[in-house]
Novice: 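To start, I am sharing the structure in question, which I have written as structure tokens.
Only this structure's heavy atoms are used, side chains among them; waters, hydrogens and symmetry mates stay out. No experiment lies behind these values; they were computed from the predicted model shown.
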Amino acid sequence: TSISILTPRIPEERGCQLSIQMKNANRSLFDQLTAKGVVADWREPDVIRIAPAPLYNSFTDVYEFVQRLKHCIHGN
């Protein structure tokens, strides 16, 4: 599975949402993340959207998301 960030890099062009394209993936990765407690949104055909809002999420929350994503992709 190849990962691409679709969210613009320029801060003025984006909000708090992060769109991650999981090329050649299906919804099963999203379902695994949901089972691990990640609240996200699935957009066909292959995009997972998360919204790490500073008012609600900490750096630890973001770190934990990345660890859960890695675990779902690599299984370790």
Side-chain angles (χ1 to χ4, degrees):
T1 301
S2 173
I3 299 173
S4 298
I5 304 297
L6 300 178
T7 304
R9 290 190 179 271
I10 300 169
E12 294 79 23
E13 294 180 2
R14 66 171 185 250
C16 194
Q17 174 183 295
L18 177 64
S19 294
I20 306 167
Q21 184 177 34
M22 310 301 295
K23 293 181 183 172
N24 301 318
N26 58 31
R27 190 181 165 107
S28 66
L29 177 61
F30 171 79
D31 293 339
Q32 289 176 49
L33 287 167
T34 301
K36 291 187 177 298
V38 173
V39 177
D41 183 39
W42 174 257
R43 295 292 173 173
E44 294 292 342
D46 56 4
V47 176
I48 294 174
R49 297 189 316 171
I50 60 168
L55 291 174
Y56 305 107
N57 301 107
S58 66
F59 288 110
T60 303
D61 293 330
V62 174
Y63 175 83
E64 287 294 325
F65 165 73
V66 173
Q67 296 311 306
R68 292 172 189 180
L69 179 61
K70 284 181 182 180
H71 184 263
C72 289
I73 292 172
H74 302 296
N76 49 5

Novice: In the single-linkage hydrophobic clustering (I, L, V, M, F, W, Y; side-chain heavy atoms under 4.5 Å), do Val66 and Leu69 co-cluster?
Specialist: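 In one cluster with Val66: Leu69, yes.
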
Novice: Looking at side-chain heavy atoms only, is the closest gap between Ile20 and Ile3 below 4.5 Å?
Specialist: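 Yes, side chains in contact.
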
Novice: Which atom names give the shortest non-hydrogen contact between Val62 and Pro52, and what distance separates them?
Specialist: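 That closest heavy-atom pairing would be CG2-CB, 3.9 Å.
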
Novice: Classify the side-chain pair Gln21/Ser19 by whether it contains a donor and acceptor separated by less than 3.5 Å.
Specialist: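 Result is no, nothing qualifies.
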
Novice: Name all residues meeting the salt bridge (Lys or Arg N to Asp or Glu O under 4.0 Å) criterion together with Arg49; count only those two or more places apart in sequence or in a different chain, and write none if there are none.
Specialist: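 Result, salt bridge (Lys or Arg N to Asp or Glu O under 4.0 Å) vs Arg49: Asp41.
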
Novice: Sequence neighbours left out, cut at 3.5 Å: what donor-acceptor pairs do the side chains of residues 30-39 make with other protein atoms?
Specialist:
residue, atom, partner, partner atom, Å
Asp31, OD1, Arg27, NE, 3.3
Thr34, OG1, Phe30, O, 3.0
Lys36, NZ, His71, ND1, 3.3

Novice: Nearest heavy-atom pair of Cys16 and Ala53: which atoms, and what distance?
Specialist: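 Result for this residue pair: SG-CA, 3.1 Å.
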
Novice: For the residue pair Ala51 and Asn57, what are the closest heavy atoms and their distance?
Specialist: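 It is O-OD1, 3.5 Å.
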
Novice: Using a cut-off of 6.0 Å, state whether more than 12 heavy atoms not belonging to Ile5 lie near its atom CD1.
Specialist: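 Check passes, neighbour count above 12.
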
Novice: For Ile73 and Met22, run side-chain contact (heavy atoms from CB on, under 4.5 Å): C-alpha distance rounded to whole Å, both residues' side-chain angles, the deciding distance at 0.1 Å, then the answer.
Specialist: CA-CA 10 Å; Ile73 292 172; Met22 310 301 295; 3.8 Å; yes

Novice: For Ala40 and Ile48, work out which heavy atoms get closest and say how close.
Specialist: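 Answer, listing the atom of Ala40 first, then Ile48: CB-CG2, 4.0 Å.
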
Novice: Which residues pass the side-chain hydrogen bond (donor to acceptor under 3.5 Å, both in side chains) test with Glu44, not counting sequence neighbours?
Specialist: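 side-chain hydrogen bond (donor to acceptor under 3.5 Å, both in side chains) check on Glu44 returns Trp42.
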
